Amino acid sequence: MIIALNHKSNLEKEEYLKYLEDFSTIKTNHHLIVCPSFINLGQSNPDKIHLGSQNVSTYNSGAHTGEISVQQLKSYQVEYTIVGHSERRQEQKESLKEIHQKIIQLQKYDITPILCIGETKKEREEGKVEEILEKELLSATEGLTKEQKEKMIIAYEPIWSIGTGLIPSNKDIKKTISFIKKILPNTKVLYGGSVTEENIDIIKTISIIDGYLLGGLSLKIEKLKMLLKKLD
Ligand code: 13P
């Protein structure tokens, strides 16, 4: 399975170095992707871990203060990039157009986009889950070839589930992931949102999930090891 670890804006320098040390003790056959914050990314050894970034600029290298270009990511051997995380859609007002541009940039440089999609609590209550996800998916993948679509990874993260301890029922997750796979057959789909070493026992019975995108848990190596053990 694919297990992507989104550190968000966590881990100061020394904490991250210790994290890498502890991370090296993990033994697993699952495909782990570490997505540290940009400032920690350069401290990681890409020969030892699969590296992901949490964002990419829509601009190429050049005069764009504060931006990190896809060419720079490539030079650090970044293999994956999280795109359109709900925190960026909300806090940075990242638009559908920008998300689409980022995916195009990444694919040009053969970096796999991990596209996050998901509904708010209100949208769920109004019965709009599929409508929202379809809009996000179609806009992000506009003009991509079948091969390019299949090379992406989708992370279904219900916004109301992120960091809250709340998770949709297995029936709901299965229904939603089937819906995504109907739009993008043969594209891998992860689930993200409050996944823990405890509730994984329940979620892992959904056989169509290709992996998980972990936030809080990704920072705790011992708990991560427990989760991985349960997935073996
Ligand atoms: P939590 O696992 O902390 O809910 O975060 C999920 C997430 O947003 C991963 O991208």
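Computed over heavy atoms, backbone and side chain alike; hydrogens, waters and symmetry mates excluded. This one's a predicted model, so the numbers in the text were calculated from it and none came from an experiment. Whatever order the structure lists them in is the order used to number ligands and atoms, beginning at 1.
- Here the straight-line distance linking atom CG of Leu190 with atom CG of Asp210 works out to 7.0 Å at 0.5 Å rounding.
- In this structure, the protein non-hydrogen atom closest to atom 3 (O) of ligand 1 is Gly216 N, 2.8 Å.
- Judged purely by distance below 3.5 Å, without hydrogens or angles, the side chains of Tyr109 and Thr81 never pair a donor atom with an acceptor atom.
- If you number the atoms of ligand 1 from 1 as listed, the ones under 4.0 Å from a heavy atom of His85 come out as 7 (C), 8 (O), 9 (C), 10 (O).
- For atom 1 (P) of ligand 1, the candidate residues are Ser161, Ser194, Pro158; the nearest heavy-atom contact is made by Ser194.
- Heavy-atom proximity to Gly163, at under 4.0 Å, picks out these atoms of ligand 1: 1 (P), 4 (O).
- Taking 4.0 Å as the cut-off, Leu213 counts as a neighbour of ligand 1 on heavy-atom distance.
- Scanning the protein heavy atoms around atom 9 (C) of ligand 1, the nearest turns out to be Glu157 OE2, 2.9 Å.
- Within ligand 1, counting atoms from 1 as listed, the ones closer than 4.0 Å to a heavy atom of Asn6 are 9 (C), 10 (O).
- The closest side-chain donor-acceptor pair between Asn55 and Lys102 falls under 3.5 angstrom.
- Taking the six-membered ring for Trp and thresholds of 30 and 60 degrees, Tyr16 and His7 have ring planes more than 60 degrees apart, a perpendicular arrangement.
- Remark: ligand 1 and Glu87 share no N or O pair separated by less than 3.5 Å (distance only, no angle test).
- Residue contact annotation: Gly192 has no non-hydrogen atom under 4.0 Å from ligand 1.
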**Asked** Going through the checks in order, is the salt bridge (Lys or Arg N to Asp or Glu O under 4.0 Å) test met by Glu150 and Lys146?
**Response** CA-CA 6 Å; Glu150 290 176 359; Lys146 184 170 166 287; 3.3 Å; yes
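- A side-chain donor-acceptor contact under 3.5 Å links Glu119 and Tyr156.
- A donor-acceptor contact closer than 3.5 angstrom links the side chains of Lys225 and Thr25.
- When hydrogens are left out, the protein atom nearest atom 2 (O) of ligand 1 is Gly215 N, 3.0 Å; that is the closest non-hydrogen contact.
- Hydrophobic cluster membership for Trp160: Leu166 (Ile, Leu, Val, Met, Phe, Trp, Tyr linked by side-chain heavy atoms under 4.5 Å, directly or transitively).
- The proximity of Ile162 to ligand 1, defined as any non-hydrogen pair under 4.0 Å, involves the side chain as well as the backbone.
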